[in-house]
Every structure is written in C-alpha cells, then in structure tokens.
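Input: a single structure, listed below in structure tokens.
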Amino acid sequence: MKTIKITSKTYSGPWGFLAQLVVMTLAAILATRILPGVQIDSVKAAILTALVIALLNNFIRPILIVLTLPFTIFSMGLFLLIINALIIMMAAGLVPQFHVESFGSALLFSLLLTVLNYVLEIPNRLMRRPTYQPSDSHTTDAHVDTDEDGFTEYEEVKDE
C-alpha cells in the first residue's frame, strides 16, 4: 500500500512575525507612494507604522468586530472595511510621522495595503506550499481497516 506524506514548510514564531512586518512595511511605503492623502515621513516611521497596524489588527480589531457584529451582518461584511479604516486612523494617531488626511484616504489606504500585502506575500506562500511525496513504507496503523486495494471502509466507493 502506498501512502502520501504531506510536508509543509511553515514560518512561525519571531521570524514569521518579522517577515510579515517587512512585507507590511514595504506595502505601506508603496501605498503612500500611490495615494496622495497618506504620508509616511521616513523608513523608521514606516516600520513603526507597520508594527502598530499589526498590533492593532491583532488586539483591537477582534474587539471591534465583536462590538459591531450586527452592523457587519446587516451589511454582509462590508462594515469590515470601515473597521479597517478605523484601524488605519488609530495608527495615524499613534505614530507621529504617519499622516492620513481623511477617512476616505484611510479607507483607500487600507484597501491598497491589503492588495499589496497579498501580492508581496505570494513568494512566501509559494515557499510554504505543502508538497506531496509518496511514501513507500508498508506500515499501517493498527486501527485502520483496509481492504486489498488499500482503501479504508470510508473511502471505498460501491456501485449499486
């Protein structure tokens, strides 16, 4: 019987957070170059902005989502865009060298930041993609009942 071994390269812990911080920083710098209503004064401010946005997304955003759940359900999820813009406005209030002119600029910045994060994360996702390797070991678990074709009773398809 052949089995398939799934291996996945995952980056977690401080290195994964650092990689996400670098991607977020690059996305923030690119987004400020595209949008006229948002400005980051230095690279150090961009790193601090990315860190603050990441922390707000991890700690404040879930609370806001729970508090505004009826609005989110009623708007079929579109209210999450408002929450994202609020997070950007909060980050602008916390980081002195990060300036957002208006709520509309914050909304556009959050949308562009999401798209840029997605595009910049593609190489990382490709590196972490699971690989499927056939295993030639003939060891089976004692609790798995297989027939002569190697199927368990739940996987077998019977014609009636």
Side-chain angles (χ1 to χ4, degrees), residues 3-134 144 151-157:
T3 58
I4 296 176
K5 181 180 175 185
I6 301 173
T7 58
S8 178
K9 303 171 206 158
T10 59
Y11 301 107
S12 60
W15 294 113
F17 181 75
L18 185 64
Q20 289 176 349
L21 188 64
V22 168
V23 168
M24 175 78 83
T25 302
L26 290 173
I29 290 170
L30 288 172
T32 56
R33 301 273 188 235
I34 295 170
L35 291 176
V38 181
Q39 179 184 356
I40 297 177
D41 295 339
S42 66
V43 174
K44 190 188 297 185
I47 294 169
L48 184 60
T49 299
L51 180 65
V52 168
I53 290 172
L55 292 174
L56 289 172
N57 276 336
N58 285 331
F59 296 109
I60 303 299
R61 188 172 187 266
I63 296 168
L64 289 175
I65 289 172
V66 169
L67 291 175
T68 61
L69 193 60
F71 297 112
T72 304
I73 291 171
F74 182 70
S75 68
M76 294 182 282
L78 291 176
F79 196 76
L80 293 174
L81 298 173
I82 304 299
I83 291 174
N84 290 343
L86 288 174
I87 293 292
I88 298 299
M89 296 293 285
M90 284 184 217
L94 293 172
V95 179
Q97 296 177 331
F98 176 50
H99 311 284
V100 179
E101 284 183 8
S102 65
F103 185 79
S105 295
L107 184 64
L108 289 175
F109 182 76
S110 70
L111 289 171
L112 189 57
L113 198 63
T114 302
V115 170
L116 290 172
N117 264 328
Y118 179 78
V119 169
L120 292 172
E121 273 287 324
I122 288 174
N124 192 21
R125 272 200 280 325
L126 290 175
M127 286 176 35
R128 291 185 301 161
R129 188 173 52 189
T131 57
Y132 302 98
Q133 302 169 347
V144 177
F151 290 105
T152 63
E153 62 182 284
Y154 298 107
E155 295 174 330
E156 191 171 338
V157 178

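If you take OG1 on T68 and CD1 on I63, they are separated by 11.5 Å, rounding to the nearest 0.5 Å. Annotation: the span from I53 atom CD1 to L48 atom CG amounts to 10.0 Å, rounded to 0.5 Å. Atom CG in L112 sits 11.5 Å away from atom CG in L107 (nearest 0.5 Å). Taking CG from L120 and CD from Q20, the interatomic distance works out to 12.5 Å, rounded to the nearest 0.5 Å.
For A91 against L56, the heavy-atom pair with the smallest separation is N-CD1, 3.7 Å. When all heavy atoms are compared, the tightest approach of P62 to N58 is CG-O, 3.6 Å. The shortest heavy-atom contact between A85 and A106 is O-CB, 3.8 Å. In this structure, F109 and A28 approach most closely via the heavy-atom pair CE1-O, 4.0 Å. Considering every non-hydrogen atom in both T25 and A50, the closest pair reads OG1-CB, 3.4 Å. For the residue pair L116 and A31, the shortest heavy atom distance occurs at CD1-N, 3.7 Å.
Under the 4.5 Å side-chain criterion, counting only non-hydrogen atoms from C-beta, Q97 is not in contact with T49. With a 4.5 Å cut-off on side-chain heavy atoms, I47 and L51 do not count as touching. Looking at N84 and R61, their side chains come closer than 4.5 Å, going by heavy atoms from C-beta outward. Here the side chains of F79 and L64 are not in contact, with every heavy-atom distance at 4.5 Å or above. No side-chain heavy atom of V52 sits less than 4.5 Å from a side-chain heavy atom of M90.
By the neighbour-count criterion of 12 heavy atoms within 6.0 Å, atom OH of Y118 is sparsely surrounded, having that number or fewer from other residues, nucleotides or ligands.
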Steps toward side chain to side chain contact (heavy atoms under 4.5 Å, CB included) verdict (L69, I73): CA-CA 6 Å; L69 193 60; I73 291 171; 3.9 Å; yes

Intermediate values then yes/no, side chain to side chain contact (heavy atoms under 4.5 Å, CB included), I88 and V38: CA-CA 10 Å; I88 298 299; V38 181; over 6 Å; no

